[in-house]
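Read through the structure below, which is laid out as structure tokens, and then see the notes.
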Amino acid sequence: MSNLATVLDDSPVRLAPRLLGSLLVRDTPHGQIVGRIVETEAYHQSGVASHSYRGQTPRNAVMFGPAGFAYVYFTYGMHYCCNIVTGTKGEGSAVLIRALEPLEGMEQMAKNRGRDDELTNGPAKLCQALNIDKSLNGHDLSMPPLTLVLKDPPKESEVVQSTRIGISHEQHQPWRFYLKDCEFISKK
DNA sequence: GGAACGATCTGC
DNA sequence: CAGATCGTTCCC
């Protein structure tokens with residue numbers, strides 16, 4: 001098991017805050033795009049809001065695989081969202097990446113987004129900016145062209161724990177996390 | 001076979 | 001606040 005998979009073999013609620021500050025690196029033919037994870041949301045199998053709640057299907061199969069892979073899904077007929085699979089094989093849990101702070105490749109991101117503001121402050125926006133689509137579903141995040149670079153966990157005082165956003169179930173559950181005073185988090 | 005809906009975003 | 005837009009799931 002890679003170092004990445006070892007760290008991610010844990011509960012999504014513990015990992016969601018721990019992953020804040022880590023980097024998402026996207027390699028493209030035109031150069032590298034880098035973003036810092038600033039907002040996450042935990043999804044575990046026993047939560048009714050999770051895609052894995054009703055068991056394994058072709059769509060959510062990656063969630064039930066080993067940790068350290070990307071679960072990318074298509075929604076609303078036009079958007080992609082990217083998760084980091086967590087936990088052990090057979091478990092069905094993941095951490096949704098909800099927002100990034102753009103660090104490198106902003107020109108690329110703006111081109112992919114078709115605008116030069118609000119590049120990565122939302123789960124579907126960041127996928128568009130990093131050109132993440134279903135072809136990366138099941139991709140091993142320890143290697144290009146999409147890499148998760150773990151950083152040290154943020155201090156507890158830097159993390160805000162909050163309730164869910166944009167979901168019809170479990171709106172009260174405090175499983176959303178973001179970096180305090182960060183201007184790049186998603187909007188309500 | 002068909003209907004309902006969604007871990008969203010945008011522009012009015 | 002409604003529309004876009006289609007894959008997935010669930011029910012008949």
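Only heavy atoms go into these numbers, but all of them, side chains included; no hydrogens, no water, no symmetry mates. Below, read A as the first sequence line, B as the second, and so on, with proteins coming before strands; counting in each chain starts at 1.
- A side-chain donor-acceptor contact under 3.5 Å links Glu39(A) to the backbone of Ser186(A).
- Atom CE of residue Met109(A) and atom OG1 of residue Thr28(A) lie 10.5 Å apart, to the nearest 0.5 angstrom.
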Under the rule of Watson-Crick or G-U wobble with both distances under 3.5 Å, where | means paired to another strand and [ ] a crossing pair, DNA chain B maps to ||||||.||||.

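- For dC9(B), neither phosphate oxygen OP1 nor OP2 lies less than 4.0 angstrom from any side-chain nitrogen or oxygen of His79(A).
- As judged by a 4.0 angstrom heavy-atom cut-off over every strand, His169(A) is placed among residues making no nucleic acid contact.
- Contacts of Arg164(A) with the nucleic acid, taken as non-hydrogen atoms under 4.0 Å apart, are absent.
- Side chain to side chain, Gln128(A) and Arg113(A) meet the donor-acceptor criterion of an N or O pair below 3.5 Å.
- Less than 4.0 Å separates DNA chain B from at least one heavy atom of each of the following residues of residues 122-141 of chain A: Gly122(A), Pro123(A), Ala124(A), Lys125(A).
- Between His51(A) and Tyr71(A), the side chains place a donor N or O and an acceptor N or O closer than 3.5 Å (distance only, hydrogens not considered).
- dT5(C) and dG2(B) have their P atoms separated by 22 Å, given to the nearest Å.
- One side chain, His44(A) or Ser46(A), offers a donor N or O that lies under 3.5 Å from an acceptor on the other.
- At whole-Å resolution of the value, CD in Gln45(A) and P in dA7(B) are 16 Å apart.
- Residue pairs that meet the side-chain hydrogen bond (donor to acceptor under 3.5 Å, both in side chains) test with at least one member in residues 154-163 of chain A, sequence neighbours left out, are Ser162(A)-Arg176(A).
- The CE-P distance, from Met78(A) to dT8(C), rounds to 15 Å in whole Å.
- Distance, Tyr71(A) OH to dG7(C) C1': 11 Å, rounded to whole Å.
- Summarising the geometry, the separation between NE2 on His51(A) and C1' on dG6(B) is reported as 7 Å, rounded to the nearest angstrom.
- Rounded to whole Å, atom P of dA7(B) lies 11 Å from atom CE of Met63(A).
- Summarising the geometry, the separation between NZ on Lys187(A) and P on dC9(B) is reported as 11 Å, rounded to the nearest angstrom.
- Proximity of Arg59(A) to the phosphate of dG6(B): no side-chain N or O atom is located under 4.0 Å from OP1 or OP2.
- The cationic atom of Arg18(A) (NZ for Lys, CZ for Arg) does not lie both less than 6.0 Å from the six-membered ring centre of Phe177(A) and within 45° of the ring axis.
- Distance from the side chain of Arg115(A) is smallest for dT10(B) among the nucleotides dA7(B), dT10(B), dC6(C).
- Side-chain atoms of Ser93(A) and Met63(A), non-hydrogen and from C-beta on, never get closer than 4.5 Å to each other.
- Of the candidate nucleotides dC9(B), dT9(C), dT8(B), dT8(B) has the atom lying nearest to any side-chain atom of Arg98(A).
- Here dC9(B) presents its P atom at 15 Å from CG of Asn112(A), a figure rounded to the nearest Å.
- In this structure, Phe74(A) reaches the sugar-phosphate backbone alone: every heavy-atom distance under 4.0 Å involves primed, P, OP1 or OP2 atoms, never a base.
- A sub-4.0 Å separation between OP1 or OP2 of dC6(C) and a side-chain N or O of Thr75(A) is absent.
- Heavy-atom neighbours of Arg115(A) CZ from other residues, nucleotides or ligands within 6.0 Å: above the threshold of 12.
- Residue Tyr76(A) and nucleotide dA4(C) are not classified as a stacked aromatic pair, given the requirement of ring centres less than 5.5 Å apart at an interplanar angle below 30°.
- Heavy atoms from other residues, nucleotides or ligands lying under 6.0 Å from OH of Tyr53(A) number 12 at most.
- If you take CZ of Arg176(A) and C1' of dT8(B), they are 14 Å apart, rounded to a whole angstrom.
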